[in-house]
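First up is the structure itself, then whatever we jot down about it.
Position 1 is the first residue of the sequence, and the numbers go up from there.
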Amino acid sequence: MQPDSSQRKTRRVRFPVPVHIQVRDANSVETMHEGQVIDASSCGMKIRVTRFFPRQTVLFLALPLPARFREYSFMSETYYTYATVIHSRK
């Protein structure tokens with residue numbers, strides 16, 4: 001079950017930007033996918049994708065992210081980071 005807004009550490013903000021997603025499977029085969037960020041905070045984000053990713057899948061993300069949401073790389077236009085799937089549904 002996902003926490004409601006009163007249970008989150010930081011408030012999520014609507015943030016519709018494109019995201020490039022790279023995934024490497026158990027056989028080291030890399031695939032690229034496109035998605036759309038729905039909302040974001042400094043602690044996480046919700047991304048809409050057309051492909052299902054199982055829980056605990058590690059994703060490599062590239063997206064245009066404002067400095068207030070970043071933990072590092074404040075000067076680059078594109079923000080690169082790893083993410084882990086916490087919640088997913090088909």
Side-chain angles (χ1 to χ4, degrees):
M1 188 165 116
Q2 282 198 303
D4 64 33
S5 60
S6 64
Q7 296 173 320
R8 296 194 181 278
K9 289 181 182 179
T10 57
R11 188 174 70 86
R12 293 251 177 120
V13 177
R14 287 211 178 278
F15 189 66
V17 297
V19 60
H20 302 281
I21 304 165
Q22 182 177 344
V23 181
R24 182 177 296 158
D25 68 15
N27 298 319
S28 295
V29 176
E30 292 183 1
T31 56
M32 298 293 291
H33 306 277
E34 299 294 319
Q36 180 81 22
V37 175
I38 304 301
D39 58 34
S41 74
S42 61
C43 296
M45 64 179 59
K46 181 191 285 186
I47 301 172
R48 179 179 293 129
V49 292
T50 57
R51 183 192 184 284
F52 175 76
F53 296 110
R55 190 165 193 246
Q56 297 182 345
T57 301
V58 176
L59 311 173
F60 184 66
L61 308 177
L63 65 156
L65 194 65
R68 68 182 175 159
F69 295 124
R70 296 181 180 211
E71 293 295 321
Y72 58 88
S73 188
F74 297 101
M75 302 306 286
S76 173
E77 283 188 31
T78 303
Y79 187 69
Y80 300 95
T81 189
Y82 286 93
T84 304
V85 175
I86 300 299
H87 177 77
S88 186
R89 63 180 172 191
K90 290 184 179 179

Only pairs under 3.5 Å count here: list side-chain donor-acceptor contacts from residues 76-83, not counting sequence neighbours, and write none if there are none.
unit_1	atom_1	unit_2	atom_2	d
Ser76	OG	Thr78	N	3.3
Ser76	OG	Thr78	O	2.8
Tyr79	OH	Glu71	N	3.3

Within a strict 4.5 Å, meaning less than it, do heavy atoms of the Val37 and Met45 side chains meet?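 Val37 vs Met45: side chains touch.
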
What pairs of residues pass the side chain to side chain donor-acceptor pair (under 3.5 Å) test when at least one of them lies in residues 50-60, not counting sequence neighbours?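 Those involving residues 50-60 do not exist here.
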
Name all residues meeting the side chain to side chain donor-acceptor pair (under 3.5 Å) criterion together with Gln36; count only those two or more places apart in sequence or in a different chain, and write none if there are none.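 Checked Gln36 against side chain to side chain donor-acceptor pair (under 3.5 Å); zero matches.
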
Remaining members of hydrophobic cluster (4.5 Å side-chain criterion), Met75: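 Members other than Met75 - counting any ILVMFWY side chain reachable under 4.5 Å - there are none.
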
For residues 17-27, run the donor-acceptor check on the side chains, cut-off 3.5 Å, and write out each pair with its distance to 0.1 Å, sequence neighbours left out.
unit_1	atom_1	unit_2	atom_2	d
His20	ND1	Glu34	OE1	2.9
His20	ND1	Glu34	OE2	2.9
Gln22	NE2	Glu30	OE1	2.7
Gln22	NE2	Glu30	OE2	3.4
Arg24	NE	Glu30	OE2	3.2
Arg24	NH2	Glu30	OE2	2.3
Asp25	OD1	Asn27	N	2.9
Asp25	OD1	Ser28	N	3.2
Asp25	OD1	Val29	N	2.9

For the student: nearest non-hydrogen atoms of His33 and Phe53, plus distance: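 So the two residues come closest at CD2-CZ, 3.8 Å.
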
Taking side chain to side chain contact (heavy atoms under 4.5 Å, CB included) as the criterion, tell me which of Val85, Leu61, Leu63 meets it with Ile47.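 For Ile47, the side chain to side chain contact (heavy atoms under 4.5 Å, CB included) check succeeds only for Leu61.
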
